[in-house]
Amino acid sequence: MKRISASRELLLLIAIALLLALIASRFPAFVTPANLAAVFNDTSPLILLAIGQMIVILTKCIDLSVAANLALTGMVVSLINIAAPGLPMVVIVAIAIGFGILLGMINGILVWKLAIPPIVVTLGTMTIFRGVIFLLTEGKWVNSHEMSDAFKAVPRTEIFGLPVLSWIAISAVILFWIVLTRTTLGRSFYAAGGNPNAATYAGINVGRTQFWAFTISGALAGLTGYLWVSRFAVAYVDVAGGFELTVVAACVIGGVSIMGGIGTVLGALLGALFLGIIANALPVVNISPFWQMAISGGAIIIAVVLNAQANRSPGRIILKRAEHAT
Amino acid sequence: MQLEIRPDVSIRAASDIDPLLSLAGITKTFPGVRALSDVSLKLYPGKVTALIGENGAGKSTVVKVLTGIYQPDEGDIRIAGEPVRFPTPQSAESAGVTAIHQETVLFDELSVAENIFLGHAPKGRFGLIDKSAMTTRASDLLSSIGAKIDPGATLKDLGTANKHLVAIARALSIDASVVIMDEPTAALSQKEIEELYDLVDDLKAQGKAILFISHKFDEIFRIADFYTVYRDGQMVGEGAIEDVSEPELVKMMVGRDVSQIFPDRDHNIGDEVLVVEGYEHPTEFAGIGFRLRRGELLGFYGLVGAGRSEFMQALFGITRPSGGDIRIDGASATIRTPADAVGNGIVYVPEDRSKQGAIGALPIFQNVTLPSLSRTSRNGFIRLAEEFKLARKYTERLSLRAASLDTEVGNLSGGNQQKVVIAKWLATQPKVIILDEPTKGIDIGSKAAVHEFMAELAAQGLAVILVSSEIPEIVGMSDRVIVMREGRIAAELDRKDISPESLVSHAAGIGGVEQ
């Protein structure tokens with residue numbers, strides 16, 4: 001597994017390098033360290049959400065409600081900030097994570113206890129979360145001037161030359177890399193998605209494992225919700241509309257198998273960066289944004305084809321064995 | 001065990017009438033396994049030929065050859081003397097060969113008439129399906145087999161028996177001259193079975209050649225004209241049914257060369273470790289009770305569908321039984337989940353290792369330690385060194401050959417995957433290990449290794465439950481055998497009473513066993 005996934009991620013790294021080289025040939029300024037740092041910062045919300053989504057997909061589920069969770073949590077902390085401008089930012093961040101966890105747990109409970117297919121559950125909660133924003137605000141925006149300065153300052157505060165937003169993304173990558181490779185919970189994500197039957201036999205509660213995956217995805221979406229509204233200094237119903245599909249795309253490009261059980265934090269990170277670079281570079285080199293969609297779409301298909309081929313041979317061996325046993 | 005081959009009988013049969021369909025010298029191999037080796041089969045018009053053999057004797061494979069699903073490596077198929085080839089299922093159908101399968105392959109959401117004519121519906125103007133003609137013909141077909149089923153009903157609303165009749169009607173909707181019935185009575189009640197016999201008599205009267213596959217001797221003697229016996233992919237006997245007796249057929253089925261040698265075992269049987277009483281399930285099994293001692297190897301034999309695996313899954317906490325008690329080391333235990341079972345020292349190595357055993361995308365060491373993670377971790381953090389140590393210890397014990405413990409299990413051979421699964425369970429240090437068909441689909445060499453290993457486990461004081469459909473394995477390995485039939489214990493045999501014949505008679509319910 002190490003070898004295949006390593007080569008898969010290496011391949012993606014090479015693709016990113018080629019992409020950067022191509023952009024640099026037309027617009028050298030794009031690859032200066034300062035600009036690359038800016039691109040990374042801009043991609044940080046996508047990285048955070050892709051990590052959560054990857055964990056959910058690992059367990060053979062999908063979370064379509066991440067962007068709606070982000071928007072609702074963002075709105076909730078904005079409203080709290082208006083109501084209590086003096087509240088310390090640590091509390092605001094804690095509320096954002098906690099509220100995101102709550103929303104993620106709703107998904108998780110429905111998938112675990114009621115055994116509803118995750119795509120249906122999260123399609124439903126996606127709509128509900130957006131609806132709740134409307135109920136909270138009657139469609140009104142929360143604008144920059146209503147937010148406290150401290151509220152808006154957090155993501156852009158620089159530490160060692162990088163904004164807090166970037167540091168949060170980096171921390172999440174490290175944290176969840178450890179969770180997935182070094183903890184029993186991380187192992188059970190892979191087992192539950194890789195072969196739910198075998199995982200059950202090994203004493204893993206697959207439903208509960210999926211619940212935790214949704215909870216983590218919710219936590220990251222909630223945190224990103226605060227970072228998003230404070231960075232753009234605006235909160236409204238349609239914040240990050242349709243962004244859930246970009247998040248899933250980042251995972252797929254990053255080599256996460258939509259069938260579950262295969263994927264790494266590094267893959268999700270690289271998948272997100274690939275999309276982030278395309279989104280930032282194409283306007284600069286004067287390519288229409290419509291091409292951006294086409295390129296992202298092409299990248300998804302190529303990634304899926306590569307993954308399918310990497311996974312093909314073991315499956316065939318098993319089938320042949322099973323066949324002659326009858 | 002020398003079996004009697006009766007050349008006089010087959011010659012007489014062949015000289016009376018020419019076979020409608022004949023197979024000669026058919027060989028079919030799969031990687032590592034020779035499923036059919038130079039087998040023949042003859043089906044006569046207006047006659048029923050019973051195909052008899054143990055699980056894995058090659059019956060299903062020959063049906064797949066006859067219906068164009070498998071291509072034989074060698075040999076020829078003749079219909080009325082003319083050589084034919086069936087490169088696709090459609091070509092077998094158009095040559096007039098049709099099969100009613102063991103598991104009926106129908107479509108729940110379609111109507112009865114649509115199911116019957118799927119793929120060959122009567123066409124009307126513009127090549128569209130002529131629905132009224134289809135309904136009329138469907139209702140004719142159904143009434144011809146005595147089925148009172150509305151052709152417009154949706155299939156999912158029918159009961160099992162009626163679904164089966166639809167499958168039969170579907171088989172007959174093709175103007176077939178050869179009808180294959182693969183265990184057609186398995187899902188039917190006694191009354192429905194009688195109706196099926198009448199139907200078979202009708203088909204015989206129409207001059208169709210019928211291949212009848214069954215494990216039940218009473219119905220073979222009731223319905224068949226000829227028999228053919230397969231064993232281990234070879235034909236070992238054929239003839240007219242009136243010239244053969246039940247014991248002779250059983251002997252042909254199970255008798256074999258003593259090519260498999262089983263390890264010598266010290267029968268070092270210790271204290272009672274597991275007591276099961278009155279285990280029952282609403283649909284799968286009832287009244288299962290037995291005692292198991294340390295160092296004992298208890299075989300579970302039965303035909304496919306006798307409820308052995310279903311019971312084992314309940315014992316392991318995968319399914320919930322509706323009643324029954326377990327005592328482990330004298331203390332009563334509650335097993336609601338597999339984690340409970342593992343915690344109580346019971347582990348289950350399932351039959352279908354690709355579905356239930358190994359996790360293909362995870363490396364060997366992670367597969368091995370999966371149920372033991374509580375021992376290789378502290379506060380939820382995995383200690384990789386411990387994990388590797390545990391995985392190495394148990395894979396080495398099984399002499400698993402792989403490049404490294406990092407290798408993905410999906411890339412290993414079937415035998416090695418099986419070793420990973422067994423290593424995984426041994427690493428939990430169990431008291432009772434349940435092995436469900438541990439040698440199914442693996443080559444002879446690996447089989448011997450698994451047998452030796454089972455003997456070693458028992459010698460170390462583990463109580464081993466061996467669920468197997470392979471008679472030699474059960475006979476060669478078990479200290480005691482429980483035979484299951486139709487979800488109940490049909491017999492419990494001590495070492496001295498274990499013989500292929502006794503196993504088959506109890507499993508099939510023949511020879512003075514109550515019915």
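Numbered from 1 within each chain, the chains take letters A, B, ... in sequence-line order. Here the structure is a predicted model, which means the values were calculated and not measured.
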Residue B:Leu384 versus chain A: region with a heavy atom under 4.5 Å: side chain

Residue B:Phe316 versus chain A: region with a heavy atom under 4.5 Å: side chain

Donor-acceptor pair between B:Ser468 and B:Glu473 side chains, under 3.5 angstrom: yes

Leading residue by heavy atom contact count with chain A [cutoff under 4.5 Å; candidates B:Leu370, B:Thr376, B:Thr428]: B:Leu370

Interface residue of largest heavy-atom contact number with chain A, from B:Gly317, B:Ala339, B:Pro338, under 4.5 Å: B:Pro338

For [Y], is there any backbone N or O sitting under 3.5 Å from a side-chain donor or acceptor partner on [X]?
X        : Y        : result
B:Lys28  : B:Gln71  : yes
B:Lys424 : B:Thr369 : no
B:Asn367 : B:Ile359 : yes

